[in-house]
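What follows is a set of notes on a single structure, which appears directly below.
Note that the coordinates shown come from a computational prediction; the quantities given were computed from them, not determined experimentally.
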Amino acid sequence: MDPEYFKSHLMSWGTLGTVRPFSNFHPDKDAVEIQAALEKKDVVTLVGILTNRNNSQRQVIAKTFEDVTQKDLVAAIKKALSGDLETLLLDLLMPPVQYEAVRLQRAMAGIGTDEETLLEILCTRSDKQLQEISAVYNQMYKKDLEKDLKGETSGDFAKLVVALLNKETVASGVQTDIESLSASLNGKKADAGLWIDILTARDSDHLNKVLMGLELKNGQMVLQTLEKRFSGDVRLGLTVLVQCIENPEMYLAKRLTTMKTPVVQGIMVSHSEEDLLCIRAAYKKLTGTSLYAALQKQFKGDHLQALLAICRSED
């Protein structure tokens, strides 16, 4: 990867994160301590440093480590560690835009497609962020993200993921959109194309008004309407999109309740410097349990300690 490319992309996506810049930052000292920790397989020190620095500081540490040791930090961690902890620390070392590109690639790799992860990223990221992610994906894999998404999906679901990737805001009246969506439900088969066109091409304030108006007009929650009138992947996609329009933090909190390692790591690393505090609050509201406590029931050992360090504290 070209380090110059990422200088402007390091972390400008939000401020309600749990990981903040480390105020007394000395990359030379960190690099030396990491080198010693890798030799001794001192995981506590590794986790302590890498989870207490923000992403831009980790990039500086990786560069300093290479200058000091003539070794690549990623390769050194791969050699010293294994399993979920290795994956988590390597995830933390990726610049944020690169990490989202990697998550998309992982979701499409191998047999079967992880539709929920594709949707999570495409529905919660802005058009500008998705343009950056797409550019980095193309640079990393020498492949076009839109073409890869089309190759992994079909029908209305393919139309939806491509429309999400290429989001652009088109002006329209709230009432016009309510009437259009309502009319699309009248036939034997609901018109997914119209839902895709409207839900991927308006700003969130406008869409929240449209969804509320549609619920009042039809006397039914939009999610219930989607459940009854659509099926398959496009139903999943529209359902996720509506949840992300209405309350993205609550949607991500619901995702976390699966407690599947890739999902938990993906969301916690992706959102650690942006809005993980909001996701934590949503998780507590949704489950009655703090995310910090839930992690302790599901994970163990050094991997747990690293996740807790990113989560930061009890709610």
Side-chain angles (χ1 to χ4, degrees), residues 100 103-104 107-108 113-131 133-134 145-146 149-150 152-172 174 176-178 180-185 189-215 217-218 220-258 263 266-267 270-271 274-275 278-279 282 286:
E100 297 296 77
R103 290 184 71 212
L104 286 170
M108 294 185 279
T113 304
D114 178 0
E115 288 90 354
E116 277 253 21
T117 296
L118 294 181
L119 289 165
E120 177 211 309
I121 296 168
L122 294 170
C123 291
T124 58
R125 295 305 183 194
S126 70
D127 52 354
K128 181 176 178 290
Q129 289 169 345
L130 288 169
Q131 285 165 18
I133 292 163
S134 191
L145 177 55
E146 183 174 325
L149 287 168
K150 282 179 181 172
E152 291 290 322
T153 55
S154 61
D156 287 330
F157 186 63
K159 287 179 196 166
L160 175 61
V161 294
V162 169
L164 285 166
L165 181 65
N166 299 312
K167 282 176 207 164
E168 55 179 350
T169 303
V170 177
S172 177
V174 170
T176 306
D177 285 347
I178 293 169
S180 297
L181 290 176
S182 185
S184 78
L185 300 167
K189 188 172 184 294
D191 179 1
L194 195 64
W195 283 74
I196 292 165
D197 289 347
I198 291 173
L199 296 187
T200 61
R202 310 284 189 270
D203 66 59
S204 59
D205 287 346
H206 176 99
L207 287 171
N208 273 302
K209 289 172 188 167
V210 169
L211 294 174
M212 283 172 67
L214 189 64
E215 288 179 347
K217 184 174 172 65
N218 291 351
Q220 187 176 55
M221 301 293 282
V222 173
L223 292 177
Q224 291 174 312
T225 302
L226 295 175
E227 183 68 31
K228 285 183 177 175
R229 297 309 314 273
F230 294 98
S231 61
D233 286 343
V234 76
R235 175 168 68 189
L236 171 68
L238 290 172
T239 300
V240 170
L241 179 51
V242 165
Q243 289 179 83
C244 289
I245 291 162
E246 292 179 337
N247 190 334
E249 291 84 14
M250 188 59 77
Y251 167 70
L252 291 167
K254 280 180 193 162
R255 285 267 284 154
L256 286 172
T257 61
T258 66
V263 174
I267 292 171
S270 275
H271 294 268
E274 297 177 55
D275 55 0
C278 303
I279 297 165
L286 179 69

>> I'd like to know whether Leu165 forms a side chain to side chain contact (heavy atoms under 4.5 Å, CB included) with Leu145, so could you lay out the CA-CA distance, the side-chain angles of the two residues, the decisive distance to 0.1 Å, and finally the verdict.
In response: CA-CA 9 Å; Leu165 181 65; Leu145 177 55; 3.7 Å; yes
> How far does NZ of Lys159 sit from CD1 of Ile196, to the nearest 0.5 angstrom?
Replying inline: 6.5 Å
>> Using modelled atom types and a 3.5 Å cut-off, is there a donor and acceptor pairing between side-chain atoms of Asn208 and backbone atoms of Ile245?
In response: yes
> Within a strict 4.5 Å, meaning less than it, do heavy atoms of the Glu120 and Val240 side chains meet?
Replying inline: no
> Hey, what do you get for OG1 (Thr124) to CD (Glu249), rounding to the nearest 0.5 Å?
Replying inline: 10.0 Å
>> Give me the atom names and distance for the closest heavy-atom approach of Ser172 to Thr176.
In response: OG-CB, 4.3 Å
> Which value, rounded to the nearest 0.5 Å, describes the distance between Leu160 atom CG and Leu199 atom CG?
Replying inline: 8.5 Å
>> Are Leu241 and Leu119 packed together at the side-chain level, in the sense that at least one heavy-atom pair is separated by less than 4.5 angstrom?
In response: no
> Is the closest side-chain heavy-atom distance between Leu164 and Arg125 below 4.5 Å?
Replying inline: no
> What are the two closest heavy atoms between Ile121 and Leu130, and how far apart are they?
Replying inline: O-CD2, 4.1 Å
>> Let me confirm one number: the CZ-CG distance from Phe157 to Leu236, rounded to the nearest 0.5 Å.
In response: 6.0 Å
> Quick one: does Asp275's side chain have a donor or acceptor within less than 3.5 Å of a partner on Cys278's backbone?
Replying inline: no
> So do the side chains of Lys254 and Gln243 get within less than 4.5 Å of each other, counting heavy atoms only?
Replying inline: yes
> Would you say Asp177 and Leu214 make side-chain contact, with heavy atoms under 4.5 Å?
Replying inline: no
> Where the side chain of Lys167 meets the backbone of Leu122, is there a donor-acceptor pair that is under 3.5 Å apart?
Replying inline: yes
>> When you compare the side chain of Arg202 with that of Val174, does any pair of heavy atoms fall below 4.5 Å?
In response: no
> Atom CG of Asp156 and atom CG of Asp191: how far apart are they, to the nearest 0.5 Å?
Replying inline: 8.0 Å
> Donor-acceptor pair, Arg229 side chain versus Leu185 backbone, under 3.5 Å?
Replying inline: yes
>> Do Trp195 and Leu226 have side chains that approach each other closer than 4.5 Å (heavy atoms only, starting at C-beta)?
In response: yes
> Taking all non-hydrogen atoms of both residues, which atom of Ser270 and which atom of Arg103 are closest, and how far apart?
Replying inline: OG-NH1, 3.2 Å
> Do you know the tightest heavy-atom contact between Val234 and Ala192?
Replying inline: CG2-CB, 4.2 Å
> Hey, does the side chain of Asn218 reach the backbone of Gln220 with a donor-acceptor pair shorter than 3.5 angstrom?
Replying inline: no
> Is a side-chain donor or acceptor of Ser182 paired with a backbone partner of Ile178 at a separation under 3.5 angstrom?
Replying inline: no
> If you round to the nearest 0.5 Å, how far is CG of Leu211 from CG of Leu223?
Replying inline: 9.0 Å
>> Let's go through Leu149 and Met108 carefully: what are the C-alpha distance in whole Å and the side-chain angles of both, what is the deciding distance for side chain to side chain contact (heavy atoms under 4.5 Å, CB included) to 0.1 Å, and is it a yes or a no?
In response: CA-CA 8 Å; Leu149 287 168; Met108 294 185 279; 3.9 Å; yes
> Is the backbone N or O of Leu181 less than 3.5 Å from a side-chain atom of Ser184, with the two atoms forming a donor-acceptor pair by type?
Replying inline: yes
>> Quick check: closest heavy atoms across Tyr251 and Cys244, and the distance to 0.1 Å?
In response: CD2-SG, 3.4 Å
> Glu227: what forms a side-chain hydrogen bond (donor to acceptor under 3.5 Å, both in side chains) with it, not counting sequence neighbours?
Replying inline: none
> Heavy atoms, side chains only, cut-off 4.5 Å: are Ser180 and Ile198 in contact?
Replying inline: yes
